[in-house]
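Worksheet: one structure, shown below.
Every heavy atom of this structure was used, including side-chain atoms; hydrogens, water molecules and symmetry mates were not.
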Amino acid sequence: MRVLLIEDDNAIAEPLAEGLGRYGFAVDRVGTGAAALAAPVPDMVLLDLGLPDMDGIDVCRTLRSRSRVPIIMITARGDETDRVVGLELGADDYLSKPFGLRELVARMRAVTRRARLTDTISLGMPSGGGTGPTSNTPQCVGDLLIDRRTRKVHVAEVQVALAPKEFDLLALLAEDPGAVYSRQRILDTVWDPNYFGPTKTLDVHIAALRRKLGNPTWIETVRGVGFRLTVSAGGGEDHP
């Protein structure tokens, strides 16, 4: 796998590139956003948000507009807003500095598996023995229309742009509208059974998904358990 490491700090970039090399990754390193956008499209991007010439968020936005290459944000920023914006723009995961090399490699492998599964689903191939709606038939839940074949979502006939994991999260909840999905089941399905990162990632995606759907009552939090897709949110009913 060829990895593009976008990191301007030599003290971080050099040992990181060396360490990834020991795990079998071929690492190309650049130190600016401009160089990153001029580089050939790799198999994966590791993106530092604090770059000297432009904000990493802008780099993420541009990269995502060009391709579906997996992007993992690497950030020392403590502001959750940056991570939320990056995930909404299409980043696949984020990792806060400082971090361990083994955790990064585990996340890279998990993101790669998810990307391959997404490509399989997009091609209309079976992804496993699920009993939910088929990928060939759009599903309607109130005013919500989910097309798994094209990975498009409409609310009241208006298309809503979702990041890859936001779509996967919504599609999972929509397999059985009204049923409660535990946090662990969601993480195992949408992320990875071996995912050991912060569970707050799920809350960030839920918040982004509620905002994009235009009505927070579409997804109900069941305290201490998980989340469910409410069947009648599009009808304007209030839910606790």
* Asked: Hey, are the side chains of Arg68 and Val41 touching, using non-hydrogen atoms and a 4.5 Å cut-off?
  -> no

* Asked: Roughly how far apart are Asp48 CG and Met73 CE, rounded to 0.5 Å?
  -> 11.0 Å

* Asked: Which heavy atom in Leu51 sits nearest to a heavy atom in Gly31, and how many Å separate them?
  -> CD2-O, 4.2 Å

* Test item: Ile186 and Leu173 side chains (from C-beta on) under 4.5 Å apart, heavy atoms -> yes

* **Spacing of Leu49 atom CG and Glu7 atom CD [to the nearest 0.5 Å]** => 10.0 Å

* Side-chain heavy atoms of Tyr181 within contact of Leu229, under 4.5 Å -> no

* Structure fact -> So CG of Leu5 and CG of Leu46: to nearest 0.5 Å the spacing works out to 5.5 Å

* Asked: Below 4.5 Å, heavy atoms only, C-beta onward: do Leu169 and Ile219 meet side chain to side chain?
  -> no

* Asked: Honestly curious: do Leu172 and Leu162 fall in one hydrophobic cluster under the side-chain, below-4.5 Å linking rule?
  -> yes

* Asked: Taking everything shown except Lys152 itself, do over 12 heavy atoms lie less than 6.0 Å from its NZ?
  -> no

* **Arg61/Asp58 ion pair, N-O < 4.0 Å** => yes

* To do: Look only at the side chain of Arg64 and the backbone of Val59, and say whether a donor-acceptor pair between them is shorter than 3.5 Å.
  => no

* Measure the CG-CG distance between Leu4 and Leu47 for me, rounded to the nearest 0.5 Å. => 9.0 Å

* Structure fact -> Partner of His205 under side-chain contact (heavy atoms from CB on, under 4.5 Å), picked from Asp203, Thr201, Leu209, is Thr201

* Asked: Can you tell me if Asp43 uses its side chain to pair, donor with acceptor, with the backbone of Arg2 under 3.5 Å?
  -> yes

* Would you mind telling me which of Ile206, Ile146, Val190 makes a side-chain contact (heavy atoms from CB on, under 4.5 Å) with Leu170? => Ile146

* Asked: Rounded to the nearest 0.5 Å, how far does CD1 of Ile57 lie from CG of Asp55?
  -> 5.5 Å

* Structure fact -> Closest non-hydrogen atoms of Pro138 and Asp147, given as atom of the first, atom of the second and distance, are CG-OD2, 3.7 Å

* Structure fact -> All heavy atoms of Leu16 vs all of Ile74, minimum pair found to be CD2-CD1, 4.5 Å

* So which heavy atom on Arg151 is nearest to which on Asp168, and how close? -> NH2-OD1, 2.9 Å

* Side chain to side chain, Pro52 and Thr32, heavy atoms closer than 4.5 Å -> yes

* **Under 3.5 Å: donor-acceptor pair, side chain of Asp93, backbone of Ile72** => no

* For the pair Arg107 (side chain) and Tyr94 (backbone), establish whether a donor and an acceptor sit closer than 3.5 Å, ignoring hydrogens and angles. => yes

* Asked: Are Tyr23 and Ile12 connected in the hydrophobic side-chain network, where two residues link if heavy atoms are under 4.5 Å apart?
  -> no

* Asked: Considering only heavy atoms from C-beta outward, does the side chain of Lys212 approach that of Val153 to under 4.5 Å?
  -> no

* Asked: Is there a path of hydrophobic side-chain contacts, each under 4.5 Å between heavy atoms of I, L, V, M, F, W or Y residues, that connects Val141 with Val180?
  -> no

* So, do Gln139 and Glu175 sit near enough that their side-chain heavy atoms are less than 4.5 Å apart? -> no

* To do: Return yes when atom CD of Glu157 has more than 12 non-hydrogen atoms of other residues, nucleotides or ligands closer than 6.0 Å, and no otherwise.
  => no

* **Contact summary for Arg210 and Glu220, nearest pair of heavy atoms** => NH2-C, 3.8 Å

* What is the minimum heavy-atom distance between Asp53 and Ala34, and which atoms define it? -> OD2-N, 3.0 Å

* **Heavy-atom check, side chain of Phe25 versus side chain of Met44, under 4.5 Å** => no

* To do: Please answer whether the main-chain N or O of Trp218 pairs with a side-chain N or O of Thr230 as donor and acceptor at a distance below 3.5 Å.
  => yes

* Do the side chains of Val222 and Leu202 join up, straight or via other hydrophobic residues, at under 4.5 Å, putting them in one cluster? -> no

